[in-house]
Novice: 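Sharing a structure with you now.
Letters go in sequence order (proteins before strands), and every chain restarts at 1.
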Amino acid sequence: MFRILNYLFALHLKRAMAKNLIIVESPAKAKTINKFLGDEFVVTSCYGHIRDLPDGGLNIDIENNYTPNYEVSEEKKDVIKELKKLAKGAKDIYLATDEDREGEAISWHLCDVLGLNPTNAKRITYTEVTEQAIKDAVSHPRTINMDLVNAQQARRVLDRLVGYEISPVLWRKVKPSLSAGRVQSVAVRLIVEREREIRGFKPVASYKIQAYFFVTDKNGKKSTFKAERPANFKTEAEAQKFLDELVNAEFKVSAIEKKPGKRTPAAPFTTSTLQQEASRKLGYSVSKTMLMAQKLYENGHITYMRTDSVHLSDTALDAMEKEIKSKYGKQFYQKRAFTNKNESAQEAHEAIRPSLIENSTVEAENDEVRLYELIWKRSIASQMADAEIEKTTIDIINDKNKETLRAQAEVILFEGFLKVYNESQDEEGDDEEKESQIPPVKEGQVLELKEMNATERFTKPLPRYTEASLVKKLEELGIGRPSTYAPTIGTIQKRNYVLKENREGTERKYKVMTLAGGKVTAHEEKENIGAEKNKLFPTDIGMLVTDFLVENFKDVLDYNFTADVELQFDKVADGKKVWTKMIDDFYKPFHQTVETTTKDAQRVSGERLLGTDPASGEPLIVRMGKFGPMAQIGKTEEGSEKKARYAKLRATQSLETITMEEALELFKLPRTLGQLDGKDIKASIGRFGPYVQQDKLFVSIPKDKDPYTITFEDALTLIRAKAEADANKVIHNFENEGIQVLNGRYGPYIKKGKDNYKIPKGTSPDHLTIEEIMMIIGEQGPTKKSFRGGGGKKFYAKKK
DNA sequence: CAGTGAGCGAGCTTCCGCTTGACTT
C-alpha cells in the first residue's frame with residue numbers, strides 16, 4: 001500500500017516538474033553529464049546509431065534518387081521505446097550526439113523517430129565533457145545541420161553500394177562468402193603488397209667498420225669506446241684492404257664537437273596512437289587495448305577512447321600544470337597546445353587522458369592499470385619541458401690513410417619530459433644502439449686500438465605490418481575511423497584474408513674480419529633473420545582477391561580513393577554539392593564496371609604448374625580449391641582409371657612460393673603404419689597439426705616426433721593412451737537417446753548430439769537417471785556457442 | 001576438431017560507422 005502511494009507520488013512529481021531531456025551517444029557520458037547539471041535535466045543515451053540500412057539486400061532505391069531505406073534494428077527497439085517514453089514527458093529535448101558527421105546524422109534520425117522537427121529541434125555540441133563546456137552548450141542550442149547529415153548519408157550509401165555490389169562479384173569469380181569494402185580491401189592490399197616486396201627483396205651486403213679504442217684516465221683506469229667509419233664498404237676486398245692498411249697504425253683524435261640538442265614530447269593519445277604504443281610497450285593487440293580502454297572509460301578513469309583529437313580541455317591543462325609543478329618542480333612544466341596533423345580528423349572529443357590528472361594510477365585489473373598508467377604518463381609528458389641533450393662527435397684519423405673514424409654519443413643534460421615517458425619507435429632501418437657516453441679525450445690525443453672489425457651487414461626489407469602499424473598506416477591514408485580500426489583488423493582476419501602469426505627465422509652466415517694485436521684474421525658468424533612475432537601475413541585467398549580487385553576495381557582499391565571521396569563529402573557538408581548527385585556521379589560508372597566484370601572476367605584460381613611428378617609422369621599443379629589452397633597431381637578422366645590426387649597446402653605455404661619439392665612432400669601423407677583390430681593406423685597432418693589416427697580416434701603427435709618418420713609402435717602407444725583417457729571421460733552413456741554424461745575441461749556436463757547442457761549445482765553426476773537428464777535439457781536449452789570474437793575459426797561453409 | 005576437391009546451381013553470403021551487452025562449455 002505504502003509502496004503504491006510512493007509510486008503515485010513520484011509520478012505526480014515527475015508530471016508536475018517536467019524536466020529537460022538530453023540525449024547523448026554513450027551511457028557513460030550520460031552519467032558524467034548528469035552530475036554537472038541540476039535537477040531540471042535528465043541525461044540519457046541512444047547507444048550510437050539508432051537506424052541503419054538493413055542487412056538483406058541493398059536497401060537503396062537506385063531508381064528513386066538513391067533513397068535509403070532506414071530501419072530500426074532489432075537490438076535498438078528497446079532503446080527507442082525508452083527514448084520515446086522519456087521524450088513524452090520532457091519539457092525540452094536537447095540532441096547532444098557527437099559533433100561530427102555521424103553524430104549529426106544520429107540526431108537527425110532521432111528527430112524522425114521521436115517526431116521532432118529538424119528545423120527547430122535543439123541541437124547542442126561540445127568537444128570536451130567538462131561542466132563549463134556542457135553548460136555553455138545547453139545555453140546555445142542550434143538546429144540540425146542538414147548538409148552535414150547529407151554528407152553522412154552519402155558516406156553510408158557509398159559504402160553500402162561498394163560493399164554490396166563488389167562482394168557478389170567475388171562470390172561468382174573467386175569463392176562464396178567473400179567480402180570487399182572501401183576500408184577492408186585497401187587494408188588487405190597494403191599487407192599483400194608489403195608481403196610481395198619482402199618476398200622479392202634481395203639483401204645487399206656491405207661491410208661495416210667498427211673500432212674500439214682504449215682510454216686511460218688520470219687515475220690509470222682503462223675504459224673503451226666505439227668509433228665507426230661513416231659509410232660501409234661495398235665489397236669484402238675493400239674492407240680487407242682497409243684493415244690491412246691499418247695494421248700498426250697510430251690513431252689520433254683530430255676533432256671534438258659538442259652540439260646541444262633537444263627532444264620534444266609527443267602529443268597526448270588518440271585512438272590510433274594509443275593502439276600503437278600499447279602494442280609496442282605492453283604487447284596488447286588493438287582489440288585488447290580497446291577493451292581495456294572501454295573498461296577504464298566506463299569506470300570514469302579516462303576520457304572517451306574513440307577519438308582522433310589531440311586537444312586537451314582547459315580544466316585538464318590546469319590540473320596537469322598543478323600536478324607537474326608539485327610533483328617534479330616548475331622547471332619541468334611547459335604548456336603546449338597540440339594540433340591535428342591528420343586532415344580527416346573530425347575532432348568530436350578530447351584526446352585520451354585521465355579524468356582525474358592527480359590519479360597516477362587506479363584500482364582495476366592489472367592489464368587495465370598498465371594501460372591507464374601509460375595514458376597518464378603520455379598525457380603528463382605532453383605538458384612537460386623539452387629534454388636537453390648534448391651530442392658529442394669525435395673524429396679519429398690515422399697515419400696510414402686519409403680515412404676518418406667517427407664516435408658519437410648523446411648525454412642527457414636535462415631530462416624534462418623523459419623523466420616520465422619516452423615514446424617507442426617501430427622497428428625500422430638500422431637497429432644499432434648509440435653509445436651513451438664517451439670518456440673524456442683531448443684533441444690530438446693518441447688512442448690505443450683494442451680491435452677493429454669489418455662486419456658483413458645486409459640491407460633489410462621493410463617490416464611486415466603489425467595490427468598497430470597497419471592502423472597507423474590506415475590513419476595516414478585517412479581510411480577508417482577510431483571506432484572501426486579494431487573491428488577492421490578483426491574483419492580481415494575473420495575473412496581469412498590475413499593471419500596474425502609468428503614465424504621462425506632462418507640462419508644466415510656473415511663474415512667478420514678483425515684487426516687486433518697487429519694482425520688481421522677472418523671468421524664466420526651466424527645470425528637469425530626473418531623471425532616474426534604477431535605480424536600480419538596475407539593468405540592465398542587474400543592475395544587472389546586483392547589481385548582480382550586491383551585489376552577490375554582499380555578506382556576503389558586506390559590508396560587515395562577514400563581521400564578523394566572525403567573531399568566530395570566535404571563539399572556536401574559545405575552545402576556546395578547535392579549528395580544524391582555526388583552518389584550518382586560515382587555510381588553510374590561504378591555499376592557499369594560491376595556489370596562488365598560480372599560478364600567478362602575470368603574465374604581466378606591462382607593455378608600454377610610446378611612440373612611433372614617423377615613417379616607418375618603426371619603434371620603437378622597448385623591452385624585454390626573449394627577448401628583452400630591445394631596441390632594436385634594428374635586429372636580425373638571420365639571412363640578411364642586415371643584419378644587426380646590431392647593434397648592440402650600447409651598453413652605456412654603459399655601458392656605463389658611453394659616449390660616442386662615441397663609440393664611432392666605433401667603427397668607422402670597420409671602414411672599407413674599398420675593395423676590394430678583390423679583397422680589401419682595412419683599418420684598425417686591436419687588443421688591442428690600432426691596426428692595419428694585409428695578409425696575415428698585421432699591423437700596429436702608430440703613435438704619430438706613427426707608423421708613422416710613415426711613408427712608403428714610409437715603410434716600404437718599414443719592411440720592406446722588416448723583410448724584409455726577417453727574411456728574415463730564417459731560417466732554415463734544412454735545410447736538409445738544419444739545422450740552422454742561426460743567429464744569435460746570445466747567439470748561434468750551433459751551432451752546430446754552437438755549441444756551441451758550444464759548439470760545444476762548440487763546434483764551429483766554419478767547417479768543421474770535419463771529422466772532427470774531429460775528434465776535438465778527441457779529446462780535449460782543448449783548452451784550457446786560464441787560466434788563473435790571466437791578467434792575467427794569458422795571459415796568453412798555451414799553444411800545445410 | 002583432423003576425411004573432402006567434377007558440374008549443375010537450390011539458397012546462402014556482403015559494406016562502414018556509431019554504441020555496449022551477456023554468462024560460459
Novice: Whole-Å distance between dT14(B) P and Leu170(A) CG?
Specialist: 12 Å
Novice: Extract the stems that DNA chain B is part of, considering only consecutive pairing runs of at least three Watson-Crick or G-U wobble pairs, both distances under 3.5 Å.
Specialist: none
Novice: Taking salt bridge (Lys or Arg N to Asp or Glu O under 4.0 Å) as the test, write out the residues that go with Arg623(A), two or more places apart.
Specialist: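 Here no residue qualifies.
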Novice: Partners of Asp540(A) by salt bridge (Lys or Arg N to Asp or Glu O under 4.0 Å), sequence neighbours excluded?
Specialist: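 Testing Asp540(A) for salt bridge (Lys or Arg N to Asp or Glu O under 4.0 Å), a comparison that skips the adjacent residues, returns none.
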Novice: Under 4.0 Å between any heavy atoms, over every strand shown, what does Tyr304(A) touch: base, sugar-phosphate, or nothing? Just pick one.
Specialist: sugar-phosphate
Novice: Please list, chain by chain and in numerical order, all residues satisfying ring-ring contact (aromatic ring centres under 6.0 Å, His included) with His109(A), sequence neighbours excluded.
Specialist: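 Only Tyr70(A) meet the ring-ring contact (aromatic ring centres under 6.0 Å, His included) criterion with His109(A).
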Novice: With a 4.0 Å cutoff (strictly under), does any side-chain N or O of Arg51(A) reach OP1 or OP2 of dT19(B)?
Specialist: no
Novice: Could I get the full list of side chain to side chain contact (heavy atoms under 4.5 Å, CB included) partners for Arg172(A), not counting sequence neighbours?
Specialist: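 Arg172(A): side chain to side chain contact (heavy atoms under 4.5 Å, CB included) contacts with Thr598(A).
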Novice: Counting any heavy atom closer than 4.0 Å, what does Ala180(A) reach on the DNA or RNA strands: base, sugar-phosphate only, or nothing?
Specialist: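 Sugar-phosphate, backbone atoms only, no base.
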Novice: With sequence neighbours excluded, what pairs up with Phe590(A) under the ring-ring contact (aromatic ring centres under 6.0 Å, His included) test?
Specialist: Phe586(A)
Novice: Applying salt bridge (Lys or Arg N to Asp or Glu O under 4.0 Å), name anything that partners Glu104(A), two or more places apart in sequence or on another chain.
Specialist: Arg123(A), Arg142(A)
Novice: Within the 4.0 Å heavy-atom criterion, would you say Pro487(A) contacts the bases, only the backbone, or no part of the nucleic acid?
Specialist: nothing
Novice: Nearest nucleotide by nearest heavy atom, which residue falls closer to the 5' end of DNA chain B, Arg182(A) or Pro168(A)?
Specialist: Pro168(A)
Novice: What is the distance, to the nearest angstrom, from the CZ atom on Arg160(A) to the P atom on dT14(B)?
Specialist: 12 Å
Novice: Measure the distance between the ring centre of Tyr164(A) and the centre of the six-membered base ring of dT14(B), then answer whether it is under 5.5 Å with planes under 30°.
Specialist: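 Stacking between Tyr164(A) and dT14(B): present.
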Novice: Is there a side-chain contact between Leu666(A) and Arg650(A) (heavy atoms, below 4.5 Å)?
Specialist: yes
Novice: If I take atom CD in residue Gln152(A) and atom C1' in nucleotide dG17(B), what distance separates them, rounded to the nearest angstrom?
Specialist: 8 Å
Novice: When you check the phosphate oxygens OP1 and OP2 of dC15(B), does a side-chain N or O of Ser179(A) lie under 4.0 Å from one of them?
Specialist: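 Indeed, a polar side-chain atom of Ser179(A) lies that close.
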Novice: Holding to ring-ring contact (aromatic ring centres under 6.0 Å, His included), I want the full list of residues that pass it with Phe667(A), two or more places apart in sequence or in another chain.
Specialist: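 Partners of Phe667(A) by the ring-ring contact (aromatic ring centres under 6.0 Å, His included) criterion come out as none, since no residue qualifies.
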Novice: Find every protein N or O atom lying less than 3.5 Å from an N or O atom of nucleotides 5-9 of chain B, and list the pairs.
Specialist:
residue, atom, partner, partner atom, Å
dG5(B), N2, Lys626(A), N, 3.4
dG5(B), N2, Phe627(A), N, 2.8
dG5(B), N2, Gly628(A), N, 3.3
dG5(B), N2, Gly628(A), O, 3.1

Novice: Whole angstrom is fine here: how far is it from CG in Asp680(A) over to P in dG3(B)?
Specialist: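 In whole Å, dG3(B) P and Asp680(A) CG are 16 Å from each other.
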Novice: Pairs of donor and acceptor atoms involving the side chains of residues 561-568 of chain A, under 3.5 Å and at least two apart or interchain, shall be tabulated with distances.
Specialist:
residue, atom, partner, partner atom, Å
Thr562(A), OG1, Arg182(A), NH1, 3.3
Glu566(A), OE1, Arg101(A), NH1, 2.9
Glu566(A), OE2, Arg101(A), NH2, 3.2
Gln568(A), OE1, Lys577(A), NZ, 3.0

Novice: Can Glu665(A) and Lys668(A) be counted as an ion pair, charged N to O under 4.0 angstrom?
Specialist: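 The answer is yes: the pair qualifies as a salt bridge.
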Novice: Over how many whole Å does the gap from Arg156(A) atom CZ to dC16(B) atom P extend?
Specialist: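 One finds 9 Å between P of dC16(B) and CZ of Arg156(A), rounded.
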Novice: Within the structure shown, what part of the strands sits under 4.0 Å from Gly181(A) by heavy-atom distance: base, sugar-phosphate, or nothing?
Specialist: sugar-phosphate
Novice: Within the 4.0 Å heavy-atom criterion, would you say Gly57(A) contacts the bases, only the backbone, or no part of the nucleic acid?
Specialist: base
Novice: Which sits closer to the 5' end of DNA chain B, Asp52(A) or Glu298(A), going by the nucleotide each is nearest to?
Specialist: Asp52(A)
Novice: Taking only residues two or more places apart in sequence, or in another chain, which ones meet Tyr66(A) in a ring-ring contact (aromatic ring centres under 6.0 Å, His included)?
Specialist: Tyr587(A)
Novice: Can you tell me if Ser26(A) touches the phosphate of dT19(B), counting only side-chain N or O atoms and a distance under 4.0 Å to OP1 or OP2?
Specialist: no
Novice: Arg495(A) has an atom CZ; how far is it from atom C1' of dT13(B), in whole Å?
Specialist: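 In whole Å, dT13(B) C1' and Arg495(A) CZ are 8 Å from each other.
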Novice: Quickly work out the Ile23(A) CD1 to dC18(B) C1' distance and round it to whole Å.
Specialist: 15 Å
Novice: Flag this pair as yes if the NZ/CZ of Arg495(A) is under 6.0 angstrom from the six-membered ring centre of Tyr497(A) and inside a 45 degree cone about the axis; otherwise no.
Specialist: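 Cation-pi check for Arg495(A) and Tyr497(A): fails.
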Novice: Report yes or no: is there a donor-acceptor pair, N or O only, under 3.5 Å between the side chain of Arg306(A) and the base of dC18(B)?
Specialist: no
Novice: Looking only at the side chain of Lys76(A) (C-beta and beyond, no hydrogens), which of the listed nucleotides dC15(B), dC18(B), dG17(B) gets closest?
Specialist: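 For the Lys76(A) side chain, the nearest candidate turns out to be dC18(B).
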Novice: Without decimals, in angstroms, what is the distance between His49(A) NE2 and dC15(B) P?
Specialist: 17 Å
Novice: Applying a 4.0 Å non-hydrogen cut-off, can you work out what Gln184(A) is touching in the nucleic acid: base, sugar-phosphate, or nothing?
Specialist: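 Answer is sugar-phosphate: Gln184(A) comes under 4.0 Å of backbone atoms only.
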Novice: Given the structure, check if the side chain of Asp55(A) and the base of dC15(B) hold any donor-acceptor pair shorter than 3.5 Å.
Specialist: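 By the distance-only test, yes, there is a pair.
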Novice: Between dG9(B) and dT13(B), how far is it from one C1' atom to the other, in whole Å?
Specialist: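 Here dG9(B) and dT13(B) have their C1' atoms 15 Å from each other.
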Novice: What's Val162(A) touching, base or sugar-phosphate or nothing? Going by heavy atoms closer than 4.0 Å.
Specialist: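 Counting heavy atoms under 4.0 Å across all strands, no contact is made by Val162(A).
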Novice: State whether the side chain of Asn59(A) and the backbone N or O of Leu53(A) hold a donor-acceptor pair below 3.5 Å, judged by distance alone.
Specialist: no
Novice: For DNA chain B, which residues of residues 100-111 of chain A approach it to below 4.0 angstrom with any heavy atom?
Specialist: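 Here the set is Glu102(A).
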Novice: Apply side chain to side chain donor-acceptor pair (under 3.5 Å) to the pair Gln275(A) and Glu475(A), showing each step before the final yes or no.
Specialist: CA-CA 12 Å; Gln275(A) 289 171 350; Glu475(A) 189 189 34; over 6 Å; no
